[in-house]
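Structure first, commentary second.
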Amino acid sequence: MALDKPSTERMERIVSLCKRRGFIFQTSEIYGGLNGFWDYGPLGTELKRNLKELWWRRMVRERDDVVGLDGAILMNRQVWVASGHEATFSDPMVDCRNCKSRLRGDQLAKKNGQRQCPVCGGTDLTEPRAFNLMFKTYVGATEDESTVSYLRPETAQAIFVQFKNVLETSRQKLPFGIAQIGKAFRNEINPRNFTFRSREFEQMELEYFCRPEQGLELLEYWLKERLKFYEDVGIASDLLHVHKIPPEERAHYSKGTYDIEFAFPFGVQELEGIAYRSDFDLTQHQNASGKSLDYFDEDSKQRFVPHVVEPSAGVDRTVLALLCAGYEEEVVTDEKGKSETRTVLRFHPRVAPIKCGVFPLLKNNERLVRQARDIADSLRREMMVFYDEAGAIGRRYRRQDEAGTPFCVTVDFDTIGENGPANKDTVTVRYRDSMKQDRIRIAELSDMLREKIR
Ligand code: GAP
């Protein structure tokens, strides 16, 4: 695994690029922000949408055994009682008596055998106590125990409680899955590492229901599928690490769990968990609600509660991994021998926020501008395009390199036939990674680009 040493400086540069280029902003920044909450700017929004769309394509649309759900964020409180979240979804919280910081008790370094506050270095800390991570709210106009609800801390529970409705309406047979992408909220004691640990984030979750005897095999199957997905979005396998959770660290109901981890600049950390959760969730909800959540097997004529394998990925963490994996500063030398550092985001064209930059060579030549605008308008029907006529061509390329745009198209005097008929109706395509250029016919442009961004 090509795991660099944790690098604060690299992370700071990535955060700074995210703000400078409009990937990610601190939320409510003009009011001083809100710790653990982030807003995605124009480029970040596209990147995130592309990631979610690809996940949906691979996990739902390209399969005939997975269907979708879009559940409510607020649900009946009993969902969270039955799932165990109300009683046990907590982290150990510790207070520093010296600087009053609130800390995660399980993430403290020790100094001379004593737990140490990472903020002030003090060692006068309280004993850990359980802090429930769910955001509590009240539904309706009365604020009392009877109206309590929670912002969901995971999307999975809506899938479990709608299992029967989906089964009956989709007429699926085991094994089959229900997928969901949506917001989740956790009142993390210590949000940190940019968007890595946020208080509001998105999850992409699949609950894949099966017969008990299929569970362990499907756990291995989904681990392989999910690793393939990360390669598909352009995260090299040498930046990923599979951590098999030992039995003593697994949830009591889990019969096997893997974490897929990524080498972030701040360390190797979890991107996704894949857990074989047995029949725990459906059984809990069946017992608590008194409604049957079982499955009737036509072949064996048996009725049973299905088991489930759950690949659960974070959208924001994967977006952060894409930014970290793609970020590079490299020294390049132009044809005049002048060197400069170019910053480039080497996104796979599938997830890149802008697929193609389109430039007229000169902005004060009406024919060049008209032709470039026509090309941009026609490509825009199929993909995200950025038209730019400001500044020297080299600077425009650099701006797109920083945005991670894989292709740039330039309309020049050859295109409009001023240098003879040979190259009329052709443009140059410049490739972000190699910086090489090709001439290609305008008529072939959209096919060529479509093929590469698929
Ligand atoms: N239903 C299972 C479940 O929620 P989890 O490991 O708690 O499992 C799944 O969460 C994924 O959600 C994590 O692997 C991570 O990618 C993402 N995630 C969890 N907490 C997060 C947080 N505070 N900020 C950003 N992403 C988070």
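Note that ligands are numbered from 1 as they come in the structure, with each ligand's atoms numbered from 1 the same way.
Compare Q203, E261, M204 by their heavy atoms: the one nearest to atom 4 (O) of ligand 1 is in Q203. Taking each of G314, S312, P311 in turn, the one with a heavy atom nearest to atom 9 (C) of ligand 1 proves to be S312. The heavy atom nearest to atom 1 (N) of ligand 1, out of those in E188, R317, E205, is found in E205.
R432 contributes no side-chain N or O that, together with a main-chain N or O of F407, makes up a donor-acceptor pair within less than 3.5 Å. Using a distance-only test at 3.5 Å, with no hydrogens or angles considered, no donor-acceptor pair links the side chain of R303 to the main chain of Y295. The main-chain N or O of H285 is found under 3.5 Å from a side-chain atom of S289 such that the two form a donor-acceptor pair.
T123 and Q116 form no side-chain donor-acceptor contact under 3.5 Å, judged by distance and modelled atom types alone. Remark: the E86 side chain and the Y150 side chain contain an N/O donor-acceptor pair separated by less than 3.5 Å. Looking only at atom types and distance, the side chain of E329 has no donor-acceptor partner in the side chain of T343 under 3.5 Å away. Between the side chains of R192 and Q107, at least one donor N or O lies within less than 3.5 Å of an accepting N or O.
Contact atoms of ligand 1 toward E272: 14 (O) (distance under 4.0 Å to a heavy atom of the residue). Close contacts between ligand 1 and E310 involve ligand atoms 1 (N), 2 (C) [criterion: under 4.0 Å to a heavy atom].
At a heavy-atom distance under 4.0 Å, no atom of D316 approaches ligand 1. The backbone and the side chain of R197 each have at least one atom closer than 4.0 Å to an atom of ligand 1 (non-hydrogen atoms only). The residue R199 has no part lying near ligand 1, judged by heavy-atom distances below 4.0 Å.
Nearest protein neighbour of atom 14 (O) of ligand 1, counting heavy atoms only, is E270 OE2, 2.6 Å. Scanning the protein for heavy atoms near atom 24 (N) of ligand 1, the closest one is S198 N, 3.0 Å. For atom 16 (O) of ligand 1, the nearest non-hydrogen atom of the protein is L271 O, 2.8 Å. Protein heavy atom at the shortest distance from atom 18 (N) of ligand 1 is F201 CE1, 3.5 Å.
Partner Y40 forms a side-chain contact (heavy atoms from CB on, under 4.5 Å) with one of T195, L47, T27 and no other, that one being T195.
For ligand 1, one of its N or O atoms has an N or O atom of F196 under 3.5 Å away. At a 3.5 angstrom cut-off on N or O pairs, R186 counts as close to ligand 1. Between T195 and ligand 1, a contact under 3.5 Å exists for no N or O pair. Polar contact check, P153 against ligand 1: no nitrogen or oxygen pair lies under 3.5 Å apart. Geometrically, ligand 1 and R277 share no nitrogen or oxygen pair separated by less than 3.5 Å. Where the criterion is an N or O separation shorter than 3.5 Å, residue side chain and backbone included, A156 fails it with respect to ligand 1.
Here the closest heavy-atom approach between residue D294 and residue L167 is recorded as O-CD2, 4.3 Å. Heavy atoms only, all atoms of each residue included: R115 and V94 are closest at NH1-CG2, 3.7 Å.
Using bins of under 30°, 30° to 60° and over 60° for the plane-to-plane angle, the ring pair F264/F262 lands in the perpendicular bin.
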